[in-house]
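Keep in mind it's a predicted model, so treat the numbers as computed, not measured.
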Amino acid sequence: MNIDELNNLDNSISSFEFLKKKSEEYWEASELILCWGFQVQQKSKWKKGLMESELVDFQDKIGFDFSESLINYFRTMNGLDKPGIDINNGEDDIEFGKIFYSYPEDIELIKSEIEWIFEENNVFKNDIKSKMVPNIFPYLGNRFLILDNQQLILSMRAQDILYWAENLCKGIAQDIFEFDHNEIKKKKLNETEFWNNKVL
C-alpha cells in the first residue's frame, strides 16, 4: 500500500475490503524483524467477517452500539487466522499472542481494556450514560476507536494518549504498513471532545 492509497481510505466496506486484500498480499511474503513485541506471521490471513446476527450479539455482549466504521470493519474481517509471534529480539523463547481482536474469543479482553482506560482517566458509567464521555473500542493493543462524531483513532495507555489516525481503516493500515508519518493526512482535533482534550 502506498501513501496515496492510505490517504484515500475511509470507513466504507470498499476501503476495508481493499485493506484486507493489500494486507494479505503484504503478509504473503513478509519476514519477521529482530525486535521485541508481537508481529504478524508470514502468510497470515484475515478471518471471515461477521454475520449480522453475530454483530448484534457482539454489541450486546460489549454493552453499547458500534459505529458504522466498526460494523463495516467486522463485516469485512474478524482478526487473523494465526496468532502474533514475539521472537523477543532473539534473546528469549518465542511467544505467541493476540494482535487484532476478534469475536467471540476476545470479548472479555476488549471489555477489560476499556475498563482499564476508564479507571485510569476517572471515567465512570454515569459519564458514559449521560454522553459526557464517548465510548471507546480497542481493536489492537493500545489502539482505540473513539465512538464520537469524529471517530478518530487514539493510542491509549493509561493517561498516555496520542493521536494515531483520522479513521479506523487508516489506523489499521498504519499498524500494518510502514509509512512516513509526515506524509499522512491528519484531521484537526476537535478539542471540545473529552478524549481529544487528553491528547498529549
Quick one: does Phe96's side chain get under 4.5 Å of Ile85's, heavy atoms only? yes
Kindly indicate whether the side chain of Met77, heavy atoms from C-beta on, has any atom under 4.5 Å from the side chain of Phe100. no
Same cluster or not: Trp116 versus Phe194, using hydrophobic residues (I, L, V, M, F, W, Y) connected whenever any side-chain heavy atoms lie under 4.5 Å apart? yes
What one should report as the nearest heavy-atom pair of Leu19 and Met1 is CD1-CE, 4.0 Å
Looking at side-chain heavy atoms only, is the closest gap between Phe58 and Leu70 below 4.5 Å? no
Look at the rings of Tyr26 and Phe177 and say which category their plane angle falls in: under 30° parallel, 30 to 60° tilted, over 60° perpendicular. tilted
Atom CD of residue position Glu25 - does it have more than 12 heavy atoms of other residues, nucleotides or ligands inside 6.0 Å? yes
Under a 4.0 Å threshold between the charged nitrogen and the carboxylate oxygen, would Glu17 count as salt-bridged to Lys21? no
Shortest non-hydrogen pair, Glu120 vs Gln159, comes out as O-NE2, 2.8 Å
Under a 4.0 Å threshold between the charged nitrogen and the carboxylate oxygen, would Glu54 count as salt-bridged to Lys48? no
Taking the side chain as everything from C-beta on, heavy atoms only, tell me whether Ile114 gets closer than 4.5 Å to Phe64. yes
Kindly determine whether Glu166 and Leu152 satisfy side chain to side chain contact (heavy atoms under 4.5 Å, CB included), including the steps that lead there. CA-CA 5 Å; Glu166 72 173 4; Leu152 300 176; 4.3 Å; yes
How far apart are the closest heavy atoms of Trp46 and Lys20, and which atoms are they? CD1-CG, 3.6 Å
What do you reckon, are the aromatic ring centroids of Tyr103 and Phe74 less than 6.0 Å apart? no
Yes or no on side-chain hydrogen bond (donor to acceptor under 3.5 Å, both in side chains) for Gln151 and Asn11, after CA distance, side-chain angles and deciding distance? CA-CA 10 Å; Gln151 294 190 55; Asn11 288 320; 4.5 Å; no
Can you measure from CG (Asn121) to CH2 (Trp195) and round to the nearest 0.5 angstrom? 4.5 Å
Please confirm whether the backbone N or O of Lys188 pairs with a side-chain atom of Gln150, one donor and one acceptor, at under 3.5 Å? yes
Please assess Asn196 against Leu154 for the test side chain to side chain contact (heavy atoms under 4.5 Å, CB included), listing each intermediate value before the final yes or no. CA-CA 8 Å; Asn196 295 353; Leu154 302 181; 4.3 Å; yes
Using only heavy-atom distances, determine whether the side chains of Asn142 and Ser155 contain a donor-acceptor pair under 3.5 Å. yes
Heavy-atom nearest pair, Ser69 first then Leu168, reads O-CD2, 3.7 Å
In Å and rounded to the nearest 0.5 Å, what is the CD to CE distance from Glu113 to Met156? 11.0 Å
Give a yes or no on this: more than 12 heavy atoms of other residues, nucleotides or ligands lie within 6.0 Å of atom CG of Asp60. yes
Asp106 side chain vs Ser102 backbone, donor-acceptor pair below 3.5 Å: yes
dist Asn135:CG -> Asp127:CG (nearest 0.5 Å) comes out at 11.0 Å
Using side-chain heavy atoms (C-beta onward) and a distance below 4.5 Å, is Ser67 in contact with Leu145? yes
Is the count of non-hydrogen atoms from other residues, nucleotides or ligands lying under 6.0 Å from Glu178 atom CD greater than 12? no
Look only at the side chain of Ser15 and the backbone of Leu9, and say whether a donor-acceptor pair between them is shorter than 3.5 Å. no
Using side-chain heavy atoms (C-beta onward) and a distance below 4.5 Å, is Ile146 in contact with Glu193? no
Please answer whether the main-chain N or O of Glu91 pairs with a side-chain N or O of Asn88 as donor and acceptor at a distance below 3.5 Å. no
Close side-chain approach of Asp175 to Trp164, heavy-atom, < 4.5 Å: yes
Evaluate side chain to side chain contact (heavy atoms under 4.5 Å, CB included) for Ile153 paired with Lys170, printing each intermediate quantity in order. CA-CA 9 Å; Ile153 303 302; Lys170 284 184 182 179; over 6 Å; no
Taking it one step at a time, do Asp81 and Ser44 satisfy side chain to side chain contact (heavy atoms under 4.5 Å, CB included)? CA-CA 6 Å; Asp81 65 349; Ser44 290; 4.1 Å; yes
Validation row: Ile128, Val123 side chains within 4.5 angstrom (heavy atoms): yes
Do Phe66 and Tyr73 have their ring centres less than 6.0 Å from each other? no
Under 3.5 Å donor-acceptor, Lys82 side chain and Gln42 backbone: yes
Give, for atom OH of Tyr101 and atom CG of Leu140, the distance between the pair rounded to the nearest 0.5 Å. 7.0 Å
Which heavy atom in Leu109 sits nearest to a heavy atom in Lys98, and how many Å separate them? CD2-CG, 4.4 Å
Kindly give the heavy-atom pair with the smallest separation between Ala173 and Phe179, and that separation in Å. O-CE1, 3.8 Å
Any chance you could measure Arg143, atom CZ, to Gln174, atom CD, to the nearest 0.5 Å? 8.5 Å
Could you grab the distance from atom CD1 of Ile136 to atom CG of Asp148, nearest 0.5 Å is fine? 11.5 Å
